[in-house]
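Since the structure is predicted, the reported quantities are computational estimates derived from the model, not experimental observations.
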Amino acid sequence: AQVGNEYYQSLQDAVDAAQAGETVTLLGDATGAGVVINKDITIDFGGFTYSFNEGVGSGDYTSNGFQILQGNDVVLKNGKLEVAAEAADKFYILVQNYANLTVEDMTLDGTNLDKWSLTDGDSYVLSNNSGTVTITGATNITANNDGDKAFAFDVCKYANYAVPTVNVNTTGII
């Protein structure tokens, strides 16, 4: 990944190095660990795919691809997010969001969100817990189809978070 004129071996390293408001650019298809985002940032996937093979999260719940923390403005654009097939049993949320998030011209592929689908039956491609989410461009969101409760996205209200809002204006398929 790249930020300005600097190159990084992992997407998390690039996100950590970026200053608030900067753009991280993925330079090719990549497989790597989940990413925690706690700043205003844009990630431009450049038409490439990022496949998660190790989750992130809070406490014992490290089954997320992206964990986007509250109080930030984040843009994910021009690419694809998925869970690597060999890591399917480690994930049940592709993007867990608590921030203001724009998802533009992305494919969010939840096909391999299998961690709890065999027991509880639930998985979430885009979990919205706070903030304003805008789904735009030609964004596609695909849930897995092997459980009883596989969700393309949800909107959850928790007592200690602001009520989330999701605006859908996509030519893609959810």
Side-chain angles (χ1 to χ4, degrees), residues 11 26 29-37 41-58 61-70 72-158 161-174:
L11 185 55
L26 195 65
D29 290 338
T31 299
V35 178
V36 177
I37 300 173
I41 197 166
T42 296
I43 301 176
D44 186 341
F45 291 87
F48 297 110
T49 298
Y50 189 81
S51 301
F52 298 106
N53 62 5
E54 183 180 322
V56 294
S58 300
Y61 299 100
T62 56
S63 53
N64 305 325
F66 274 125
Q67 184 181 35
I68 304 172
L69 302 179
Q70 189 174 18
N72 298 292
D73 294 311
V74 175
V75 177
L76 305 177
K77 65 181 190 176
N78 303 323
K80 180 179 179 181
L81 290 175
E82 66 182 9
V83 171
E86 65 274 9
D89 63 343
K90 298 179 183 179
F91 289 85
Y92 87 101
I93 297 176
L94 191 68
V95 177
Q96 185 168 42
N97 178 61
Y98 296 90
N100 295 322
L101 173 64
T102 299
V103 181
E104 179 182 339
D105 296 323
M106 290 290 296
T107 295
L108 303 180
D109 184 349
T111 303
N112 290 330
L113 293 172
D114 287 341
K115 181 172 180 159
W116 287 327
S117 65
L118 299 177
T119 56
D120 295 338
D122 61 347
S123 65
Y124 302 89
V125 180
L126 177 58
S127 181
N128 302 292
N129 301 298
S130 186
T132 298
V133 176
T134 302
I135 301 168
T136 188
T139 295
N140 297 292
I141 301 175
T142 304
N144 78 9
N145 62 4
D146 63 356
D148 294 329
K149 301 180 215 170
F151 301 98
F153 66 86
D154 71 336
V155 178
C156 292
K157 168 65 176 113
Y158 293 103
Y161 297 120
V163 175
T165 303
V166 177
N167 302 301
V168 178
N169 185 17
T170 182
T171 58
I173 297 171
I174 298 175

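Considering only heavy atoms from C-beta on, N112 stays 4.5 Å or farther from F91 through its side chain. At a threshold of 4.5 Å between non-hydrogen side-chain atoms, the residues T102 and K77 do not count as touching. The shortest side-chain heavy-atom distance between L69 and V36 falls under the 4.5 Å cut-off. Proximity of I141 to I135: side-chain heavy atoms (C-beta onward) are separated by under 4.5 Å at one or more points. At a threshold of 4.5 Å between non-hydrogen side-chain atoms, the residues V35 and V56 do not count as touching. A heavy-atom distance below 4.5 Å is found between the side chains of T142 and T111.
No side-chain donor-acceptor contact under 3.5 Å links T107 and D109. Side-chain polar atoms of Q67 and S58 form a donor-acceptor pair below 3.5 angstrom. At a cut-off of 3.5 Å, with distance as the only test, no side-chain donor of N169 or T136 sits close to an acceptor on the other residue.
Nearest heavy-atom pair, Y92 versus L113, reported as atom, atom and distance to 0.1 Å: C-CD2, 3.9 Å. When all heavy atoms of K90 and N53 are compared, the closest pair comes out as NZ-O, 3.6 Å. Taking all atoms of both residues into account, the shortest heavy-atom contact from T49 to S51 is CG2-OG, 3.9 Å. In this structure, A99 and N97 approach most closely via the heavy-atom pair O-ND2, 2.9 Å. Closest approach of S130 and P164 over heavy atoms only: N-CB, 3.7 Å. D105 and A138 make their closest contact through OD1-N, 2.7 Å (heavy atoms, listed as atom of the first residue, atom of the second, distance).
Checked against a 6.0 Å centroid threshold, the rings of F153 and F151 do not count as neighbours.
Of the residues N129, V133, I37, the one that meets the side chain to side chain contact (heavy atoms under 4.5 Å, CB included) test with I68 is I37. The only member of V155, V166, D154, L101 that meets side chain to side chain contact (heavy atoms under 4.5 Å, CB included) when paired with L126 is L101. Exactly one residue among T134, N72, D73 makes a side chain to side chain donor-acceptor pair (under 3.5 Å) with N100. That residue is D73.
Relative orientation of the F66 and F52 rings is perpendicular, given thresholds of 30° and 60° on the angle between their planes.
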Evaluate V168 against I174 for side-chain contact (heavy atoms from CB on, under 4.5 Å), listing each step before the verdict.
CA-CA 10 Å; V168 178; I174 298 175; 3.9 Å; yes

Candidate pair I43 and L26, rule side-chain contact (heavy atoms from CB on, under 4.5 Å), full reasoning
CA-CA 8 Å; I43 301 176; L26 195 65; 5.7 Å; no

Test log, rule side-chain contact (heavy atoms from CB on, under 4.5 Å), inputs V95 and N64
CA-CA 6 Å; V95 177; N64 305 325; over 6 Å; no

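Atom CG of N78 sits about 9.5 Å away from atom CZ of F45, to the nearest 0.5 Å.
For the pair T139 (side chain) and G172 (backbone), a donor-acceptor distance under 3.5 Å is absent.
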